[in-house]
Amino acid sequence: SLRCDQTSDLCCRKDYYVDFRDIGWNDWIIKPEGYQINYCMGQCPPHVASSPGMASSSHTAVLNLIRAHNLQPGGQSCCVPTHRRPLSILYFDRNSNILKTDIPDMIVEACGCS
Amino acid sequence: SVQGGGKPGCPACRMPTLEPGTERRFLLELAKRQVLEKLHLMERPNVTQPVPRLAVTNALRHLHVGQAQRDRQPGPFAPWDGPEADELGYEIISFAKTEFSSPSSMGLRFQFSQGTGQDVHILQAQLWLYVRAPQSGLSPVTLRVSQAGALLSERQLEARAGGWHTVSLLPALQAFFRGQEKTLRLELECRGCQANATAGSDAGSSHQPFLVAKATVRKPGQQVAKR
């Protein structure tokens, strides 16, 4: 999966780090100090439609071109998360108990075209 | 669509193309919503009685020591292979408040806020107590933990037994979380101990007694049909 940069507007992963101090939540969230709220953005033109990640080989690109020519017009392909990882979090609840849990599928690792 | 003329993103994906100014505000709000939703919280907790950092550090250190010991020696707690797919696994540390205290006994109170509509399954539960070594050093020390008069555990400690000790509370905590009560009260009795049983009875102490539990939480209606 590509990380977004200025040169391309193809489907990619946009990284963004949220520090819990910026939202005043560092008093009840003990660890971590923040997390990556990455998201997917960019276009999915026909020749990369439904490719799981942009790291596809040239072989896949050729296959996609062939598929694109046979593609029904108006098929809409979206840039969506294709791989996510969990976030371990340690926090106080309202009774000052400490809870530790792993939140599944919290951080977007990779994007691809649906 | 985004104010300020930003190009609308892919309509089906509902992810707008964010202008730099709006991106930060949008993502901070999104992060708040995402964290609360994933932790099944309606709003952020307001910590009204902060726990001393030292007590937190102590408890976390013992939590990991206990974890390492359990992983090394398959004892009463088999290493935990994690929750099922439709459950969330939790480790809970709850610090005791002292309700009453006399030379050889004291009352401990733990406050829980069971998530509304969640069924909590307790897998492991231990009470950690810091016992001051008795001055006499001769008579054996007997530690008894009861709940509403029913004896939960009785332990004989060597005479010079100052330091942290654990008492298993598994059946009691499982029964407690099956009920609707939110306050767990325990009575602690210490024979052969000087003064009150645990050195950490006052709330500000880093030797505050605490309870460690491992649980899985499943929201009702999330029953996965096992084929």
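Letters A, B, ... mirror the listed sequences (proteins, then strands); counts begin at 1.
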Starting at [atom1] of [X], measure out to [atom2] of [Y] and round the result to the nearest 0.5 Å.
| X | Y | atom1 | atom2 | answer |
| --- | --- | --- | --- | --- |
| B/L39 | A/I89 | CG | CD1 | 5.0 Å |
| B/Y90 | A/L99 | OH | CG | 7.0 Å |
| A/L87 | B/Q34 | CG | CD | 9.0 Å |
| A/K100 | B/K214 | NZ | NZ | 7.5 Å |
| A/N97 | B/F210 | CG | CZ | 12.5 Å |
| A/Y39 | B/L30 | OH | CG | 10.0 Å |

Taking the side chain as every heavy atom from C-beta outward, state whether [X] and [Y] have any atom pair closer than 4.5 Å.
| X | Y | value |
| --- | --- | --- |
| B/K182 | A/N95 | no |
| A/I103 | B/E37 | no |
| A/D22 | B/R24 | yes |
| B/L41 | A/W28 | yes |

Q) Quick one: what part of A/Y16 sits under 4.5 Å from any heavy atom of chain B, side chain, backbone, both or neither? A)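 For A/Y16, side-chain heavy atoms alone lie under 4.5 Å from chain B.
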**Q.** Structural part of A/D102 lying under 4.5 Å from a heavy atom of chain B
**A.** backbone
